[in-house]
Every structure is written in C-alpha cells, then in structure tokens.
Amino acid sequence: MITKTTPEVGGMGHPIKRKEDARFIQGKGNYVDDVHLPGMVYGHMVRSPYAHARLKSINTEKAKKLPGVLAIITGEDLAKANLAWMPTLFFDKQMVLATGKVLFQSQEVAFVVAEDQYTAADAAELVEVEYEELPVLVDPYKATDPDAPILREDREEKSNHIFHWEVGDRAATEKDFQNAPVKATVHAISQRCHPAPLETCGCVADYNKATEKLTIYLTSQAPHAHRTLFSIVGGIPEQNIRVVSPDIGGGFGNKVPIYPGYVCAVVASLTLGVPVKWIETRSENLQSTGFARDYHMTAEIAADQNGKVKALRVKTLADHGAFNAAAQPTKFPAGLFSVCTGSYDFANSFCEVDGVYTNKAPGGIAYRCSFRITEAAYLIERAIDVLAAQLKMDPAEFRRKNFIQPDQFPYKTPLGWTYDSGNYEGAMNKALEMVGYKELRKEQGEKRKKGELMGIGISSFTEAVGAGPAHTFDIAGIKMFDSAEIRVHPTGKAICRMGTKSQGQGHETTYAQIVAQELGIPASDVIIEEGDTDTAPYGLGTYASRSTPTSGAATAMAARKIRDKAKKIAAHLLECSEEDLEWETGKFFVKGAPSKSKTIQEIAFAAYTNIPEGLEAGLEAVNYYDPPNLTFPFGTYICVTDIDKGTGEIKVRRFVAVDDCGNVINPMIVEGQIHGGLTEGLAIAFMQLIDYDENGNVQGGTFMDYLIPTAVETPHWETGSTCTPSPHHPFGAKGVGESPNVGSPAAFVNSVVDALSHLGVKHIDMPITPWKVWNILKEKGVVN
Ligand code: CDP
C-alpha cells in the first residue's frame, strides 16, 4: 500500500509547471477564461498518478488548512448527492470523482476550490490519497483474456468486453472470398491521438441563489444538448440553466463530452453560491479528456485477376479506455465506421467491431471526423493500395477500375448507406493532372535505379457528414436536426441565431453569406449569434462537419420563409397579386415592369409600419431542419515524398488536395479548413501518438512528447476542387471541415509505403517517424 500526494500526478514524468501553463495566461478575448465575475473562485483537480488502483483513503485536512481554501469535494461527497457517477453520451457511466478505485492515470479524484487558482493548485498538492496498486491493462488484445483484470467492477457483466457490432452480409461476403482468385489483407492501426485544441476545456459555473438560475460559461461544441443533460442529470429545471459558449479556441470533437471538471464546478457553485471557474491545464487536457481513434483494424479484399474488387471484410478492435464515453449517435456503437467500403463498388461486405475497456482515459470522440470515418477511410485507402501493389497495378488505375461511377448515384453501399452523389474519377483526374502524375512516376523509376527513395501516395476518400437525418441519428436520445432563426429589423438589417456553435470555422461569415444570397441583405448587415441557449433555437451543435448540411440548410429555409412573407408585403405595397411578382436577389418586381419593385429593406420597413390586413407584423422566421440524408463530400489527395536514406527523414515534397464539397459558400474559408485539416493529418501520419507504458503511464501527455506541427514541418498545400452539388441540400452544399483530416493520413502513409514498396514493404503503422523508417531501411539492408 502506498500513500501518494498529488505532486506525483505531475510525476507522470511531467510536473505541472503552473506559471507556464496556458490557464494562467490571461487572454484578452471572449473565451471562457476571459470570464471574470465578481466573487469568482477557482477549482483545481486532484488526479490519480496510477492507472489502476484501489482508493484506500483521502485525507484533506492539510489542504483545508491552507488560507484561501474554500471547499474540497471528493467522490464520497458527490455520492451523497448521487452524483459520483454520470452517464456518458454512449450508454455507459463514468466516475465524476473516483470512488472505490481509479481506472486511468490522471483520473479525477478530488476537486479543490480556493480564492485564487494558485492556492487551489497548491492545496491540491496537499491532498493525501492512499492507493493500493492493481494490475494494469493497456493492451486491448489482452482485455478479454481469461486472466485479464476486470476493470469495471461496477458493471453486472464481469468482463472487459463492451460491445460486439456487425453489419453487412456475412454469408455472401464469405462466399465471395471462397471463390476469389485474389485476396489481400492489411492490418492497420488508427492510433490513439488527441485533438489538442489550442484552448483547453473549462467553464465558469455561476449559480445565483436569489434567482435560482445557473449560468454555465462552457467550452461547448453543443451548448443546448449540454444544457439538457445538466438538467436531466443534475435535476435543475432546464429553464433555470443557461449555457453560454463564447468564442472557442478549437474543438475538433474534444469539446463534445461533458467532463468531470464541469460537473464539479457546478456542484461547487451550487454549494458555495459564488461563481466557480475551472480551466484545464494543457497536460490535463492531453491526459484526461476525450481521446480519438485507437482502432485496431484488419481489412481483407477479395478481387478477380483483372483487379476488379468483389468483397470487403473488416474486423476491428476498438479500445475505449476506462469508460465508453464515445460521443456518437445512439444507433452506431462504432460510429459511421461502416462507410469503410469507401469510394469503391463492392458487391458484398461484412464489418464487425468489438469494443473493450482498458486502463486509459475514456473517449472515442470524433476528432475532426464524422464518427469514425477517419478510421474507415484510412483503412480502405490503405487496403486498396495493398491490393494494387499485390497485383502490380498502378494505384490510380486500380482506383479508376473500381470507383462507383457517376451514373450509379444515389448509390446504396453493401453496408447500408445511400451516397447522395459523387464523381470520384473526376476528382482523381484533376488531382493527377495537378500533380503531374505520369512525369512523377517516370521520375520515381529513374530515382529508384539510382537507389533514391521517392513515393507517391493517393487517397480517394468518401466522407459522410451532416447528421441527421433524425430518424436514424440521435445523441443520448436527442434527434440530430438543427436550427436557424432570422429576425429582420425595420431598417432591413438582421440578426440570426443557430443551434450550431463555431469553434473557429467562420460561421459568422458563411451563415451571413447564406442570408445575403437568399434575401439580398448584405452580409455586413447581418449579425450571426451562436452558443447562448437563452437566445438561440435548439440544436445539436457543431462537430462531424454537420453545420453546413444542417444549420446552413436551416438558414436557407428560414430565409425562404421570410421571402414568402416578404412577397405578400411586396404585393400589398405594389398593389398587385403575389402571382404577378418575381424575385431577384434583394427585391421583388412586377413581371414585365422591372422598375416597379420593392427592395427587401423597403419590405422590412413595411413589415413594421404598413402591414397588409390579416398579416402578422414583423419579419422573422425559424426553421428546424431535418436533413433527408447525410451529404457525401469526397476528394482525391496525392502526396509526394522523398526519403533520406541516411536518417529515415521523410520530406513531403508536394501535396495536392482536390476536394468536392458541392456548392461552396466561401472558397477562402473552405481553403482554410482544408489547410488546417491537412496539417492535422500530417501530424497524425508522422508525429502523434498517445501511448502508455505497461504501468499505464501516459507517454504523450505534454507537447514535448505529443508533437504539434509548426510552419517548419508543414509543407505547402496545393488545393483544387470539383463541384458535385448535393441533390437534397437546399443550396447543394456538403460539409467540408473534416475531409482533409479524413482523407489525408492514407495519402501520407501510402506515399511512404510506395517509396519503400520495391524493398517489400507493404504497410507501416502511424505515426511514421524517421526512426521507424530508418529501422526498416536497416532491416532491408539499405543502410548499415
Ligand atoms: O460543422 P463545421 O462548421 O465544422 O463544418 P462545415 O459545415 O464543413 O463548415 C466549415 C466551414 O466551411 C463553415 O464556415 C462553412 O460554412 C464553410 N463551408 C463552405 O463555405 N462551403 C461548403 N460547401 C461547406 C462548408
């Protein structure tokens, strides 16, 4: 039995250097950390240094004596209020503060509240926690071994197995495999990584005892859903909770779950009656909040001798850590992973996924990914390259042969999705032309003769974004529609509010453009507001590239409602019938007499000053948009790499990204989204891994170990586009934010594998570091 105090949390090898932590640098923006309320106090977490240990005792006496300490909350305290555990977004429950035992390193054990953040952090170090170490499980493959420690003693099932999920036609796929002359297999790991947004997670909980109103300033990608969950779990009437999500410094899925820190801040504010601020440190964010991926996947493809694919079989092990806190739609235990047939025309497919618990931080969040599509796209794009190499076919020609053709849309995949539209060959042709593919292959051949290593990697991905539709998609039971409300003021200016929440994607610009396009009110006359649940219409928030397909569509539909009413007012003003009127962006005019017209601004004024009889005053509308289907953006990315034989260093010489997200609202914003996502994809392919040692010590818990690409590592991105509008979206747009993260990892990896393929290399797991490459070169006898 060992007694540890919290300094050992820093003892994960990386002591908390408080003064340098992001949380102590006061920003001057409109972020949660910029919220300063009178009487505000500060919370700090006590965290477990162990990955798996029995909690013997917690002694808070010394900490309480520190001047300025106001309260210390433990799991036992929360248990008295039935709040020691909270439900996750995926039918599991999660400890808010540990009771009984801890299940991952950096797990929340106690919450210290003090007058300032330094005192809170100092007091946290004085909390003495007695632990008794238990055997640690970090390898998901060992999770179901008979001798594996059972991690979740709270569950009835005495097993670490969480779920088995399968989709597709097992028998038909089996038959195709039996009859196929050609088969290829790849085992690929989409490694545990973390979105690491610039701003860490945090909140200010402000309970006003007089009004009984709880305001929570929250780093939330889904403010309305969070308000509802706070109400259901905390028993606070929903009308008394206001969640305000101010500016957010990047979300990428990390700010979808509800974290223990939020709950503790709320409990502390309810108890003390003062505002309580809790902001994570950088290391806390990396070590304890929602991780991404950790999918261990095997794909097999059956094909004929000419290289026509027939069937795809996928088996995957999903490591969910200590709690299944995956933030994904209820019906999909493995998210939208079954989009794994990708851009290819498979006759049959079968896909199965098993989820397991390990002693790691919980999660399974959709890191810039539509619920596991990054994993799926990576797997199929790797498998296609493996098969092409096996058949000694050019990977571009192999893709061309197997693409779903434009006349096959809407296309039903063997795993049940209906792709709305696509032209995969069109996007690939453009990318091949931009990169100069033929010349590059020639150059590669010549370089190989000289012993130089050069690779060309292709990825022709398909995305599925914009959840709903509500009949299929819900999170924690709440249907995945989204909303927009537009109010046009008498002078023709407007304010619009949405159920989504930008984290830097530029909604303020693009939503205003949609209003401008639909109503003719200049974008500069339109204010966009998101993130305040007291004012915005209900919505499910922003993640999984759903904003444009849902709230973007709702904005257009609300604007069209306004246009319908405006037409009635225009007919009244122009003394004609509605049928006599025609719309041209910004005005109605009488057919055949264009000079007889009323602008939207004149109509807006009349809506408040000169209303036709029988019509309600005002000019406003709200729309809750339930999309009929997902939208299916796609693209082809091509990466050219040169590898230094001496060091194993990989240089990305060229990267061409051709994206198709249907009609584009703002090309500059889309370009920015692509650049950012490609940079994240580069990091995942070459740098990032949240690893654990055998004792469950997290190895990627600081930016010293978990690398973030800077301008130095980031290559020049060359972007292009094709346009295949979504047939069901009101203005033909598809989401785009996630495409570059979904499509690019395979392009990077395919390029490196291609550079080494003549040495017999078929696959390398991410992150592909120079060390890994150098070892392969050594093993192959290229270097000594
Ligand atoms: O949900 P999220 O905002 O992360 O993703 P998105 O819907 O793909 O949009 C990202 C940004 O790109 C937003 O500002 C969109 O309005 C913009 N966009 C665009 O201009 N045209 C498109 N076809 C899709 C997105």
Side-chain angles (χ1 to χ4, degrees), residues 195 197 220-223 245 247-256 327 365-371 373-374 420-421 463-468 473 480-484 496 498-518 523 526 528 530-531 539-556 625 627 630-635 658-678 680 719 721-743:
S220 169
Q221 293 181 234
S245 220
D247 287 346
I248 295 192
F252 313 112
N254 185 233
K255 290 165 182 165
V256 174
I365 51 134
Y367 167 22
R368 208 169 185 157
C369 161
S370 196
F371 313 117
I373 285 186
T374 312
D420 64 349
S421 57
E463 254 268 66
V465 301
F473 292 91
M480 295 186 79
F481 56 83
D482 227 294
S483 61
C496 312
M498 285 82 185
T500 47
K501 174 62 206 158
S502 181
Q503 307 120 44
Q505 295 93 323
H507 291 180
E508 297 80 356
T509 305
T510 47
Y511 286 154
Q513 281 184 262
I514 298 170
V515 177
Q517 176 69 31
E518 294 287 338
V526 180
I528 302 295
E530 297 176 294
L540 268 283
T542 291
Y543 39 86
S545 285
R546 65 186 298 278
S547 301
T548 305
T550 58
S551 274
T555 306
Y625 188 79
L630 295 161
T631 65
F632 292 84
F634 58 91
V658 172
D659 272 276
D660 191 322
C661 59
N663 289 329
V664 169
I665 305 161
N666 186 315
M668 209 157 74
I669 283 193
V670 168
E671 173 110 359
Q673 292 286 303
I674 307 286
H675 281 210
L678 292 178
E680 287 177 326
T719 55
S721 63
T722 56
C723 180
T724 313
S726 166
H728 61 78
H729 185 275
F731 52 92
K734 302 175 178 183
V736 75
E738 268 133 31
S739 293
N741 197 322
V742 167

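In this chain, residues are counted from 1 in sequence order. In each ligand, atom 1 is the first atom listed, and ligand 1 is the first ligand listed. Note that these values count all heavy atoms, side chains included, but never hydrogens, waters or copies made by symmetry.
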Is there a donor-acceptor pair closer than 3.5 Å between any side-chain N or O of [X] and the backbone N or O of [Y]?
X    : Y    : value
D482 : L540 : yes
R368 : G737 : yes
S502 : Q505 : yes

In short, Q513 meets I665 closest at the heavy-atom pair NE2-O, 3.1 Å
Between N254 and Q221 the two heavy atoms that sit nearest each other are N-OE1, 3.4 Å
Can you tell me which portion of [X] lies within the under-4.0 Å heavy-atom range of ligand 1? Options are side chain, backbone, both, or neither.
X    : value
T548 : both
Q503 : neither
Q673 : side chain
N663 : backbone

Report yes if [X] has an N/O atom closer than 3.5 Å to an N/O atom of ligand 1; otherwise report no.
X    : answer
H507 : yes
V736 : yes
T510 : yes
T542 : no
P549 : no
I669 : no

What is the nearest protein non-hydrogen atom to [atom], stated with its residue, atom name and distance?
atom                    : value
atom 5 (O) of ligand 1  : S545 CA, 3.5 Å
atom 1 (O) of ligand 1  : S547 OG, 2.7 Å
atom 22 (C) of ligand 1 : K734 O, 3.6 Å
atom 14 (O) of ligand 1 : Q505 O, 2.7 Å

Under 4.0 Å from a heavy atom of [X]: which atoms of ligand 1 are those, numbered in the order shown and with their elements?
X    : value
V670 : 18 (N), 19 (C), 20 (O), 21 (N)
G735 : 8 (O)
V664 : 21 (N), 23 (N)
A733 : 23 (N)
G506 : 14 (O)

Any donor-acceptor pair under 3.5 Å linking the side-chain atoms of [Y] with those of [X]?
X    : Y    : value
D659 : S721 : no
K734 : S739 : no
T500 : E530 : yes
T722 : D660 : yes
S421 : T724 : no
Y625 : T555 : no

Aromatic rings F731 and H729: how do their planes relate, parallel, tilted or perpendicular, breaks at 30° and 60°?
-> perpendicular
Could you establish whether C661 and ligand 1 come within less than 4.0 Å of each other, counting only heavy atoms on the residue side?
-> yes
Could you establish whether G552 and ligand 1 come within less than 4.0 Å of each other, counting only heavy atoms on the residue side?
-> no
